[in-house]
Amino acid sequence: MNATYSELRARARESLQGNWGKAVGAAAIYAALSLILNLLDKIPFIGPIVNFLVSGALTLGMVIFCIGIARNKKPQVTEIFSGFSQFLKAFQVYILMIIFTLLWMLLLIVPGIIAIYRYSQAFYILQDNPDISALEAIRRSKELMNGRKIDLFVLQLTFIGWGILSILTCGIGLLWLYPYFQVAQAHFYDEISGRTTPPPHPSSF
């Protein structure tokens, strides 16, 4: 990876300029949906099934929205629901990620955590390549993250300070932190996949 962590964060801030309203709105809707799904989980049998079925599509939708922000495509907030247009494939990717991660966790916790990072790019790859199979998205993620898992881990660690500050605002700050965090990860994907990203303005560092 050629870009530094500060450069990836700077790219995210640059991409979010003029898009903060939509990004915060998308984060609020996503948080509300997550809360509803958590409440549904308390309904025996039906709740967990609904949660399990829609999580993949919602994850893909948020990835599509954040990639759109990162690539200056000016996505609408409704893009967070676009994953439902690939409902079956998104579900397949989601369930395969869970299965493979759990299988690694049968060995030890650490291999399971490594597996999470190994398959972390599957939804990004799927949104760029909607015609490939779920298993192929998983395979490409594994290949793409070879030697780069620690890079994503450290990038995520650099947001810990912001996370603590957001918690001190009774969680309100998370509505701004979440899209910042997700768009930075979208730029990480574009960086490691070789996609050209416009350099951020120096003032954004």
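Source: prediction; values computed, not measured.
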How far does CD1 of Ile98 sit from CE of Met105, to the nearest 0.5 angstrom? 11.0 Å
Any non-hydrogen side-chain atom of Val183 less than 4.5 Å from a side-chain atom of Leu16? yes
With distance as the sole test, does Gln182 use its side chain to make a donor-acceptor pair with the main-chain N or O of Pro179 at under 3.5 Å? no
Looking only at heavy atoms, which two atoms of Ser141 and Ile125 are closest? And how far apart? N-CD1, 3.3 Å
I'd like to know if the side chain of Lys89 and the backbone of Pro130 have a donor-acceptor N/O pair within less than 3.5 Å. yes
Would you kindly say whether Thr158 and Arg9 are connected by a side-chain donor-acceptor distance under 3.5 Å? yes
Common cluster, Ile167/Phe159, ILVMFWY with side-chain heavy-atom separation under 4.5 Å: no
Does one side chain, of Gln185 or Tyr180, offer a donor that lies under 3.5 Å from an acceptor on the other? no
CH2 (Trp162) with more than 12 external heavy atoms under 6.0 Å: no
Tell me whether Leu58 is reachable from Leu88 by hopping between hydrophobic residues (I, L, V, M, F, W, Y) whose side-chain heavy atoms are closer than 4.5 Å. no
Under 4.5 Å between any side-chain heavy atoms of Arg140 and Asn129, yes or no? yes
Please give me the minimum heavy-atom distance between Leu60 and Phe123, naming the atom from each residue. CD1-O, 3.7 Å
Do Leu152 and Gln121 come close enough that some side-chain heavy atom pair is under 4.5 Å? yes
Taking all atoms of both residues into account, what is the closest heavy-atom pair of Phe65 and Val77, and its distance? CE1-CA, 4.1 Å
Just so I know, are the side chains of Phe87 and Leu53 near enough to count as touching, which here means a heavy-atom distance under 4.5 Å? yes
First locate atom NE2 of His187, then atom CZ of Arg13, and finally report the distance between them rounded to the nearest 0.5 Å. 11.0 Å
Distance only, no hydrogens: is a donor on one side chain within 3.5 Å (strictly under) of an acceptor on the other, for Tyr189 and Asp128? yes
Crowded around Phe153 CZ? As in, over 12 foreign heavy atoms under 6.0 Å? no
Answer yes or no: is there a side-chain heavy-atom contact under 4.5 Å between Thr59 and Tyr30? yes
Interatomic distance, OG1@Thr169 vs CD1@Ile164, rounded to 0.5 Å, equals 12.5 Å
Closest approach of Leu144 to Ile192 (non-hydrogen atoms, all atoms of both residues): CD1-O, 3.4 Å
For the residue pair Leu155 and Ala184, what are the closest heavy atoms and their distance? CD2-O, 4.1 Å
Going through the checks in order, is the side-chain contact (heavy atoms from CB on, under 4.5 Å) test met by Tyr117 and Ile150? CA-CA 8 Å; Tyr117 285 91; Ile150 189 64; over 6 Å; no
CD1 (Ile114) and OG1 (Thr101) are apart, to the nearest 0.5 Å, by 11.5 Å
Ignoring hydrogens and angles, state whether a donor on the side chain of Ser55 or Asn51 is under 3.5 Å from an acceptor on the partner side chain. yes
Whether over 12 other heavy atoms sit under 6.0 Å from Lys74 NZ: yes
Starting at CD1 of Ile69, measure out to CD of Gln17 and round the result to the nearest 0.5 Å. 12.0 Å
Do Leu106 and Leu103 come within less than 4.5 Å of each other through their side chains, counting heavy atoms only? yes
Distance only, no hydrogens: is a donor on one side chain within 3.5 Å (strictly under) of an acceptor on the other, for Gln127 and Gln86? no
Run Glu136 and Arg139 through salt bridge (charged side-chain N to carboxylate O under 4.0 Å, His left out) and show every step you take. CA-CA 5 Å; Glu136 177 64 12; Arg139 187 195 68 77; 2.7 Å; yes
Taking it one step at a time, do Tyr119 and Trp104 satisfy side-chain contact (heavy atoms from CB on, under 4.5 Å)? CA-CA 12 Å; Tyr119 308 128; Trp104 280 105; 3.5 Å; yes
Would you say Phe45 and Phe52 are hydrophobically clustered, going by side-chain heavy atoms of ILVMFWY under 4.5 Å? yes
Quick check on Lys142: does its NZ atom have over 12 non-hydrogen neighbours (other residues, nucleotides or ligands) under 6.0 Å away? no
Shortest non-hydrogen pair, Ala122 vs Met97, comes out as CB-SD, 4.2 Å
Under a single-linkage definition using a 4.5 Å side-chain heavy-atom cutoff for Ile, Leu, Val, Met, Phe, Trp and Tyr, are Leu39 and Val50 assigned to the same hydrophobic cluster? no
For atom CD1 of Ile46, decide whether the heavy atoms of other residues, nucleotides or ligands shown that lie under 6.0 angstrom number more than 12. no
According to a 4.5 Å side-chain heavy-atom criterion applied to Ile, Leu, Val, Met, Phe, Trp and Tyr, with indirect links allowed, do Leu168 and Leu174 form part of one hydrophobic cluster? yes
